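I have placed the structure first, in the form of structure tokens, so that the comments after it can refer back to it.
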Amino acid sequence: MSLAAQIKHATYTALLELFPGADIAETSITVNQTKPEFKGDYTIVLFPFVKLLRMKPDELGNKLGAALLSTSTLFDSYEIVSGFLNMTVNDNFWSGLLQENFNNEHFGEQATTGKNVMVEYSSPNTNKPLHFGHMRNIFLGYAMAGVLKRTGNNVVKANLINDRGIHICKSMIAWQRYANGATPETANEKGDHLVGDYYVKFNDAYKQEIKELVAGGMDEATAEKEAPIMKEAQEMLRKWEAGEPEVYQLWQTMNGWVYKGFDATYKRMGIDFDKMYYESDTYLLGKSIVEEGLKKGVLFKKDDGSVWIDLTDEGLDQKLLLRGDGTSVYITQDLGTAKLKYNDFKLDQSIYVIADEQNYHMQVLKLILKKLGEPCADGIFHLSYGMVELPTGRMKSREGTVVDADDMIDEMISLAQQQTEAAGKTEGFTTEELATLYETIGLGALKFYLLRVDPKKKMIFNPQESIDLHGFTATFIQYAHARICSILRKEGLPKLPAKETFASFTLTLPVTPAEKKLAVTLEQYPDIMNDAANEHNPSLLCNYSFQLAQQFNSFYDEHSISKAENEEKKQLRLMLIIMTAQTLRHAMQVLGIRLPEKM
RNA sequence: GGUCCGGUAGCUCAGCUGGAUAGAGCAUCAGCCUUCUAAGCUGGUGGUCAUUGGUUCGAAUCCAAUCCGGAUCACCA
């Protein structure tokens, strides 16, 4: 149990003892960290009980403070300031925390829950390379999976690849028309980029054809339907669905190129998956669910044979589930996939990392499954995140304003190199070590930049700011970690020394404010991890890690570790920095960010 | 128009299940390297928490209305 929770509970018990029969709920007790300008570590807010117990704040505070001192060994002293009871925690608590946990690799993790949780993220289309918008999705999904794993769940990282449909056929048609048989090898281009180029070419050609048709006297709406290249794409989709070998083979080949490209990008990002789903396998699923829904009378059929669900009672609209010709629409296959996932892994929770533009879709999906009585419905959770925009507005792939993922990674790594060289910090590294370091810094900065804001909020990608390696960045945290590692190297200690290393430690001297600040923050880590899981918000770990690194830097500036005043202080501070480094590593590892030992 | 999300310092964001004088980073100004890594530290400047009303001992936080911005409401995916 966290210290704050312990204090809350101790307060509850003390209040019940002091005022038997009073109507006090533990949840009505507020325990906050004490503001820096007051003496104390944690503060109990007295106001809620002043009225209830008909007592003056000072009187109540004195009674409660005295009771806490006598019943709990946690506290040293208390002070009352205008309705706030500020408790000072005994120094032994902090040294105990350190001795107990300084080398605990699993500090911050929760006991296993036995729950099966799937996190689906990335979920790209195979007609273009990954771009900046995907990166937020990917890093967020990976981080969320990491958080859920550390909080005791069995996590399945899943990727649902949108490998079929009209958009894929567009790239294929354009390739047939314009590529002259080019392959990634002959064009010397990553496969996903090559295919993406032809997707762009399709749209250019399409626009051109529309223009010509309109010039010939056709109205625009008709021209959009009648453009030959669009008709060819639609024809190709029909052939694909009919399983025509030639089309099917081209489809396989081009998707193969794309997958190779994706794999390379995922690998550079340090991202992986446990399970791949392909829409070409799942797009026909869901029909049987619809059939059953019809039988149950949850769904209804219109005169043209199309199947619908009426959600007007829920404040939503009617939603189409099957076309008049019996073919499925997007949501039909999602119904099927949801059930498939559930059956594959006996999921307690199924998280979809999808942009907030699909909030309505996800709401409808869950609702339909619920109405159909599917057991997978309850576990569905839409981790909705805001879209990434440029300072000039939304990125549009058709308008070429997207920031490509591979380019962005290259840019960040080369920037890390420039900054490192400019700072003259390249000495003592081999060439390979430097390459690794630049990658660690560049990718870390990128991931942190995308993870540090609340997922729910849309974010503006400011190229200027994203490449900054100062302030609220991964670099700042990496630097603090490298500093600690440097001290440990000089002390001849490993990153996580054995417990016996400090077996002789006994606390006799007062803990300084800077020392305590670090210890207080370290103690809160498990709570933060828990919050990140409950709120589905990995940005909490960014904020926390930055705060911890910041406090370490202040501490480092104020206190010498190697040349501490005496052996006791040295040991205390070593435990502090070892645990700090371990906690930073732990938090960053959850987010997929590496910390160098030297930089 | 219906539904949903957002509006906090010049910029980017924390804080939002109500608690003390609203916090960081960037930018800007002034200091700190003969001492464990200055990618750092210390301090200053900078606020009508969109607006108005309400609830409360107490509101950036809860409620209502209004204004502004965005998303969505396809036999697209």
Side-chain angles (χ1 to χ4, degrees), chain A residues 27 30 32 34-35 37-38 43-48 50-51 57 81-84 86 125 162 164-168 279 283 302 304-308 314-325 327-331 333-334 355-361 363-364 384 386-387 389 391 393-394 416 419-420 422-423 425 441 445 449 452-454 456-462 464-466 468-473 475-480 482-491 539-540 542-543 546-547 549-550 552-564 573 577 598-599:
Chain A
T27 49
T30 307
N32 293 326
T34 303
K35 301 268 174 205
E37 52 269 37
F38 301 103
T43 295
I44 300 157
V45 183
L46 297 170
F47 296 111
V50 167
K51 207 178 193 180
V81 183
S82 57
F84 296 93
N86 299 331
N125 294 350
N162 191 334
R164 62 160 287 281
I166 189 73
H167 48 292
I168 313 296
E279 268 188 25
Y283 82 107
K302 287 196 178 172
D304 63 356
S306 57
V307 180
W308 296 74
E314 323 281 338
L316 306 173
D317 301 309
Q318 292 192 349
K319 184 88 185 169
L320 175 93
L321 296 185
L322 272 186
R323 293 191 184 101
D325 62 6
T327 56
S328 46
V329 289
Y330 185 54
I331 200 148
Q333 55 183 288
D334 269 1
D356 60 9
E357 60 181 356
Q358 294 201 41
N359 283 354
Y360 181 75
H361 174 84
Q363 194 189 349
V364 169
S384 165
M387 311 273 281
E389 293 178 13
R394 275 180 78 165
Q419 300 248 356
T420 307
K425 296 191 176 236
I441 295 172
Y449 182 77
R452 69 184 196 178
V453 287
D454 187 331
K456 283 199 299 290
K457 297 196 173 177
K458 74 172 180 196
M459 64 178 293
I460 295 178
F461 167 59
N462 183 335
Q464 287 281 309
E465 193 186 276
S466 70
D468 195 349
L469 304 183
H470 301 270
F472 186 27
T473 62
T475 315
F476 184 95
I477 292 160
Q478 289 169 328
Y479 185 64
R483 279 176 143 184
I484 294 173
C485 290
S486 172
I487 296 169
L488 296 179
R489 268 196 304 276
K490 290 192 174 156
E491 289 296 321
S539 78
L540 298 179
C542 293
N543 285 307
F546 177 67
Q547 187 197 329
Q550 212 173 25
F552 163 75
N553 280 330
S554 298
F555 164 87
Y556 175 90
D557 203 60
E558 200 169 323
H559 296 308
S560 179
I561 293 123
S562 301
K563 292 177 190 152
R573 290 175 191 166
I577 66 167
K598 231 167 59 168
M599 68 187 281

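Keep in mind the model is a prediction, meaning the values are calculated, not measured. Just so we're on the same page: letters track the sequence lines, and every chain starts at 1. In what follows, every heavy atom counts, from backbone to side chain, and hydrogens, waters and symmetry copies are set aside.
- Within the 4.0 angstrom heavy-atom criterion, no nucleotide atom of any strand lies near A:Asp325.
- Residue A:Phe546 is classed as a sugar-phosphate contact, given heavy-atom separations below 4.0 Å to backbone atoms only.
- Taking atom CG of residue A:Leu540 and atom P of nucleotide B:rU17, one finds them 13 Å apart after rounding to whole Å.
- Distances from the side chain of A:Asp557 to the nucleotides B:rA39, B:rG40, B:rA77 place B:rG40 closest.
- For A:Tyr556, counting side-chain heavy atoms from C-beta on, the closest listed nucleotide (B:rU37, B:rA20, B:rA14) is B:rU37.
- In this model, the phosphate group of B:rC57 is approached by a side-chain N or O of A:Lys51 to a distance below 4.0 Å at OP1 or OP2.
- Checking B:rA24, B:rA71, B:rA39 against every side-chain atom of A:Glu357, the shortest atom distance belongs to B:rA71.
- Using a 30° and 60° split on the angle between ring planes, A:Phe546 and A:Phe476 fall in the tilted class, from 30° to 60°.
- If you check every strand for non-hydrogen atoms under 4.0 Å, A:Ser560 touches a base.
- A:Lys563 comes within contact range of the sugar-phosphate backbone alone, with a heavy-atom separation under 4.0 Å but no base atom that close.
- If you check every strand for non-hydrogen atoms under 4.0 Å, A:Thr43 touches a base.
- The nearest heavy atom of RNA chain B to A:Met387 and to A:Thr475 marks one nucleotide each, and the one closer to the 5' end goes with A:Thr475.
- Among the heavy atoms of the strands lying under 4.0 Å from A:Asn162 are primed sugar atoms or P, OP1, OP2 only; no base atom is included.
- Counting non-hydrogen atoms under 4.0 angstrom, A:Met459 reaches the backbone sugars and phosphates but no base.
- For a distance-only test at 3.5 Å, the side chain of A:Asp317 fails to qualify as a donor-acceptor partner of the base of B:rA74.
- The side chain of A:Phe47 sits closest to B:rG19 out of B:rU35, B:rU37, B:rG19.
- Pairing each heavy atom of A:Gly386 with each of A:Asp356, the nearest pair is CA-OD2, 3.4 Å.
- Between A:Asp454 and the options A:Lys456, A:Lys458, A:Arg452, a salt bridge (Lys or Arg N to Asp or Glu O under 4.0 Å) holds for only A:Lys456.
- The interatomic distance linking A:Tyr330 (OH) with B:rU72 (P) rounds to 14 Å, in whole Å.
- Atom pair A:Asn32:CG and B:rG18:P shows a separation of 11 Å (rounding to whole Å applied).
- Atoms OG and CG, from A:Ser560 and A:Asp557 in turn, are 11.5 Å apart once rounded to the nearest 0.5 Å.
- By the rule that a glycosidic angle within 90° of 0 means syn, B:rC33 counts as syn.
- Among the nucleotides B:rG70, B:rC36, B:rC26, the one closest to any side-chain atom of A:Ile487 is B:rC36.
- Contacts of A:Glu279 with the nucleic acid, taken as non-hydrogen atoms under 4.0 Å apart, involve only primed sugar atoms and P, OP1 or OP2.
- Using a 4.0 Å heavy-atom cutoff across all strands shown, A:Lys490 reaches sugar-phosphate atoms only and no base atom.
- At least one side-chain heavy atom of A:Ile577 sits less than 4.5 Å from a side-chain heavy atom of A:Leu488.
- For the OP1/OP2 pair of B:rC76 and a distance below 4.0 Å, the side-chain nitrogens and oxygens of A:Arg323 include at least one atom meeting the criterion.
- Position along RNA chain B of the nearest nucleotide to A:Gln318 versus A:Lys425 favours A:Lys425 as the more 5'-ward residue.
- Under the Watson-Crick and G-U wobble criteria, each requiring two contacts below 3.5 Å, nucleotide B:rA64 is paired to B:rU52.
- Within the nucleic acid shown, A:Gly324 comes within 4.0 Å of at least one base atom, counting heavy atoms only.
- Set against B:rG70, B:rA20, B:rG40, the side chain of A:Lys458 has B:rG70 as its closest nucleotide.
- Checking side-chain atoms of A:Thr420 against main-chain N and O of A:Ala416 turns up a donor-acceptor pair under 3.5 Å.
- Counting heavy atoms from C-beta outward, A:Thr473 and A:Tyr479 have side chains that stay 4.5 Å or more apart.
- Atom-to-atom, CG of A:Leu322 to C1' of B:rA74 comes out at 16 Å; the value is rounded to the nearest Å.
- For the OP1/OP2 pair of B:rU72 and a distance below 4.0 Å, the side-chain nitrogens and oxygens of A:His361 include no atom meeting the criterion.
- Between A:Phe552 and A:Tyr556, the ring-plane angle classifies as tilted under the 30° and 60° cut-offs.
- Not a single donor-acceptor contact under 3.5 angstrom links the side-chain atoms of A:Thr473 to the base of B:rA39.
- Atom CZ of A:Phe555 and atom C1' of B:rU42 are 17 Å apart (whole Å).
- In this structure, CZ of A:Phe476 is placed 13 Å from C1' of B:rC26, rounded to the nearest angstrom.
- With B:rU12, B:rA14, B:rG70 as the choices, the nucleotide that has an atom nearest any side-chain atom of A:Arg452 turns out to be B:rU12.
- Remark: P of B:rG40 and CZ of A:Arg483 are 8 Å apart, rounded to the nearest angstrom.
- Contacts of A:Asn86 with the nucleic acid, taken as non-hydrogen atoms under 4.0 Å apart, include base atoms.
- Across the protein-nucleic acid pair, A:Glu389 atom CD and B:rU12 atom C1' stand 14 Å apart, rounded to whole Å.
- Across all strands, A:Val453 comes closer than 4.0 Å only to sugar-phosphate atoms, never to a base (heavy-atom distances).
- One finds a side-chain N or O of A:Lys457 lying less than 4.0 angstrom from the OP1 or OP2 phosphate oxygen of B:rA14.
- In this pair, A:Phe472 does not lay its aromatic ring on the base of B:rA24; centres under 5.5 Å and planes under 30 degrees do not both hold.
- With B:rG6, B:rA39, B:rG25 as the candidates, the nucleotide lying closest to the side chain of A:Lys456 is B:rG6.
- The side chain of A:Ala482 lies closest to B:rU37 when the candidates are B:rA77, B:rU42, B:rU37.
- Dashed line: the shortest gap from a side-chain N or O of A:Gln547 to OP1 or OP2 of B:rG23 is not under 4.0 Å.
- A:Leu316 comes within contact range of no nucleotide atom at all, as no heavy-atom separation falls under 4.0 Å.
- Counting non-hydrogen atoms under 4.0 angstrom, A:Tyr360 reaches the backbone sugars and phosphates but no base.
- In terms of modelled atom types and a separation under 3.5 Å, the side chain of A:Ser328 and the main chain of A:Tyr283 share a donor-acceptor contact.
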